[in-house]
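Below is one structure, written out as structure tokens; comments come after it.
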Amino acid sequence: MLSLTLSADQPFNLDKTLSCGQVFRWAETNGWWTGVIRDRVIRIQQDGNHLSWSGADEAFIRHYFSLDLDLSRILAEIDCDPVIHRAIYACRGLRIIRQTPWECLVSYMIATFTNIPSIKRRISLLCREFGNKIDSGGEPYFSFPTPEALAGSDEKQVRACSLGYRAPYLCQVAQAIHQDPGWAGAIRNLPYEEARTELMRYRGVGRKVADCVLLFGFERLEAVPVDVWIERILRQHYLKPGEKANYDHIRRYAQGYFGPFAGYAQEYLFCMRNDITKKE
DNA sequence: AGCCAGGACTGAG
DNA sequence: CTCAGTCATGGC
């Protein structure tokens, strides 16, 4: 068991970070979060400014949770109105996790046109079916399937993970990336708009999925994924009533309004989606 | 029971 | 370019 003490000027909230819907493979049981990263089971707990965990070294934990970023400065920069201010107050310490591009891409392809509990369930089935079993004493855990494992699988078997019409997209992207191991490096070297266009060449990857992958998998903190919730929030609190605005209008508005860390603003607003949207 | 969900694709205008 | 129809599934 390892531990570290967070400095006072470095806000971090483990619960918000793992429960806000950016990652889908962590589960909490009486205070302890358990997740699988690469081939390792990680258990972690926060008690005030104290972080305790097993399954990884400190450098990995700091990197994964972006503890090296000056979050106070980022939050100060996006804190431009009462709506986002309230979200920052409520979710302070939420950090955007550095996911691996492959897992992030597949996860958000699965995340189209569904809800978060279903996404978690489907990814869990996918790992159980195509990942490697990890012995950790108690219940079995499974690693995320490699491109190779998915590329060589039967589409029907993939579909059986409740994936529906997404199954052929997953098989295709797995084959493409298995044949092109340098895909992530190539995208990492491109400017935002070009990286986005490149990601959208994969079938099943549209604007929203591409923005999620850039934000959560490639550290493009200016990326603003616009899902139905973010669109609702922006229309209700930021855009003019009835303003005609398609995806890219809304995305660019948020990027211009919140600046280079607009992705953080997006995630804080998403975290507050149930409190700041009125249903009618 | 029916509506909705971290959308993408296709074809028509 | 916009717009509607369609896609497969489960949560609530």
Side-chain angles (χ1 to χ4, degrees), chain A residues 16-27 87 91 94-97 99 101 103-126 128-129 154-174 176 196-218 220-236 242-252 254-255 262-280:
Chain A
K16 294 283 186 195
T17 298
L18 290 177
S19 67
C20 70
Q22 58 175 323
V23 286
F24 306 104
R25 301 197 66 210
W26 287 89
C91 306
L94 188 167
R95 286 173 183 262
I96 290 179
I97 286 174
Q99 304 184 35
E103 177 169 343
C104 186
L105 175 62
V106 173
S107 296
Y108 281 94
M109 289 177 74
I110 291 172
T112 63
F113 197 34
T114 186
N115 51 54
I116 291 177
S118 293
I119 299 166
K120 290 181 177 174
R121 180 174 160 276
R122 287 164 176 151
I123 293 177
S124 174
L125 289 171
L126 194 71
R128 186 168 296 269
E129 193 65 30
D154 178 16
E155 185 182 310
K156 291 195 178 110
Q157 212 179 340
V158 175
R159 186 178 283 263
C161 300
S162 295
L163 291 170
Y165 63 88
R166 307 169 188 86
Y169 298 152
L170 286 198
C171 292
Q172 287 171 30
V173 78
R196 192 167 179 265
T197 304
E198 196 64 20
L199 281 169
M200 287 168 56
R201 291 178 58 239
Y202 299 118
R203 296 181 68 79
V205 179
R207 300 161 298 202
K208 192 269 178 180
V209 172
D211 282 327
C212 284
V213 175
L214 289 172
L215 177 60
F216 301 123
F218 286 98
R220 302 298 172 96
L221 301 182
E222 74 271 35
V224 178
V226 181
D227 72 321
V228 295
W229 292 102
I230 292 300
E231 174 167 1
R232 200 170 291 155
I233 291 167
L234 286 172
R235 284 190 187 283
Q236 285 182 9
E243 179 175 350
K244 85 169 182 107
N246 62 22
Y247 185 99
D248 282 319
H249 284 109
I250 297 175
R251 186 203 97 210
R252 289 203 179 91
Q255 290 177 321
Y264 257 95
Q266 176 275 153
E267 199 57 17
Y268 272 70
L269 291 174
F270 183 79
C271 193
M272 286 289 281
R273 64 193 176 283
N274 291 314
D275 298 322
I276 59 181
T277 53
K278 347 183 244 280
K279 307 200 170 172
E280 47 120 350

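Residue numbering restarts at 1 for every chain, and letters A, B, ... go by the order of the sequence lines.
- Residues C20(A) and F270(A) approach most closely at O-CE2, 3.4 Å, considering heavy atoms.
- For the pair L170(A) CG and dA8(B) P, the interatomic distance rounds to 14 Å; values are reported in whole Å.
- Note: CD1 (I250(A)) to P (dG7(B)) measures 13 Å, nearest angstrom.
- Under the 4.0 Å criterion applied to side-chain N and carboxylate O atoms, R273(A) and D227(A) are not assigned as salt-bridge partners.
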Protein-nucleotides 1-6 of chain C N/O pairs under 3.5 Å:
| from | atom 1 | to | atom 2 | distance (Å) |
| --- | --- | --- | --- | --- |
| dT2(C) | OP1 | N246(A) | ND2 | 2.9 |

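- Rounded to the nearest Å, the gap between the P atom of dA8(B) and that of dG11(C) is 22 Å.
- Within 4.0 Å (heavy atoms only), F216(A) reaches at least one base atom of the nucleic acid.
- On a pure distance criterion of 3.5 Å, no polar donor-acceptor pair joins the side chain of E231(A) and the base of dG7(B).
- Contact annotation for I230(A): base contact, defined as any heavy-atom pair under 4.0 Å involving a base atom.
- The SG atom of C171(A) sits 11.5 Å away from the NZ atom of K156(A) when rounded to the nearest 0.5 Å.
- For R201(A) and dA8(B), the shortest distance from a side-chain N or O to OP1 or OP2 is not below 4.0 Å.
- When the P atom is compared between dC4(B) and dG5(C), the two are found 16 Å apart, to the nearest whole Å.
- A heavy-atom distance below 4.5 Å is found between the side chains of I250(A) and R235(A).
- Annotation: dA8(C) and dC3(B) have their C1' atoms spaced 16 Å apart (nearest Å).
- Ring centroids of Y202(A) and Y169(A) are separated by 6.0 Å or more, keeping the two rings apart.
- If you take CD of Q172(A) and C1' of dA8(B), they are 13 Å apart, rounded to a whole angstrom.
- The aromatic ring of W229(A) does not sit over the base of dG6(B), since the test of centres under 5.5 Å and planes under 30° is not met.
- Residues E267(A) and Q22(A) bring no donor and acceptor atom of their side chains to less than 3.5 Å of each other.
- In this structure, F270(A) places its CZ atom 11 Å from P of dA5(B), rounding to the nearest Å.
- Test L126(A), T114(A), L125(A) against S162(A) for side-chain contact (heavy atoms from CB on, under 4.5 Å) and you get one pass: L125(A).
- Between F24(A) atom CZ and dA5(B) atom C1' there is a gap of 12 Å when expressed in whole angstrom units.
- dA5(B) atom C1' lies 18 Å from atom CE of M109(A), rounded to whole Å.
- Judged by distance alone, with hydrogens and angles left aside, Y165(A) brings a side-chain donor or acceptor within reach of the base of dG7(B), the pair sitting under 3.5 Å.
- Residue G21(A) is in base contact, counting any heavy-atom pair closer than 4.0 Å across all strands shown.
- Comparing the same atom, P, in dC9(B) and in dG10(C) gives a spacing of 23 Å after rounding to whole Å.
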Review item, nucleotides 10-12 of chain C N/O atoms under 3.5 Å of protein N/O:
| from | atom 1 | to | atom 2 | distance (Å) |
| --- | --- | --- | --- | --- |
| dG10(C) | OP1 | S162(A) | OG | 3.4 |
| dG10(C) | N2 | N115(A) | ND2 | 3.3 |
| dG11(C) | O4' | N115(A) | ND2 | 3.4 |

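- We find that NZ of K120(A) is positioned 11 Å from P of dG6(B), with the value rounded to whole Å.
- A distance of 4.5 Å separates SG in C91(A) from NZ in K16(A), rounded to the nearest 0.5 Å.
- Atoms CD1 (I110(A)) and C1' (dA8(B)) sit 15 Å apart, rounded to a whole Å.
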### Task
For side chain to side chain donor-acceptor pair (under 3.5 Å), just list the numbers for Q255(A) and R251(A), CA-CA rounded to whole Å, side-chain angles, deciding distance to a tenth of an Å, and then say yes or no.
CA-CA 6 Å; Q255(A) 290 177 321; R251(A) 186 203 97 210; 3.2 Å; yes

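- Nearest-nucleotide assignment on DNA chain B puts the 5′-proximal partner with C212(A), out of R203(A) and C212(A).
- With respect to the salt-bridge test (charged N to carboxylate O, under 4.0 angstrom), the residues D211(A) and K208(A) do not qualify.
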### Task
Could you walk me through whether F216(A) and Y108(A) pass ring-ring contact (aromatic ring centres under 6.0 Å, His included), step by step?
CA-CA 10 Å; F216(A) 301 123; Y108(A) 281 94; 5.4 Å; yes

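- Within 4.0 Å (heavy atoms only), Y169(A) reaches sugar-phosphate atoms of the nucleic acid but no base atom.
- Among the protein residues, V209(A) comes within range of the sugar-phosphate backbone only, with heavy atoms under 4.0 Å from sugar or phosphate atoms but none that close to a base.
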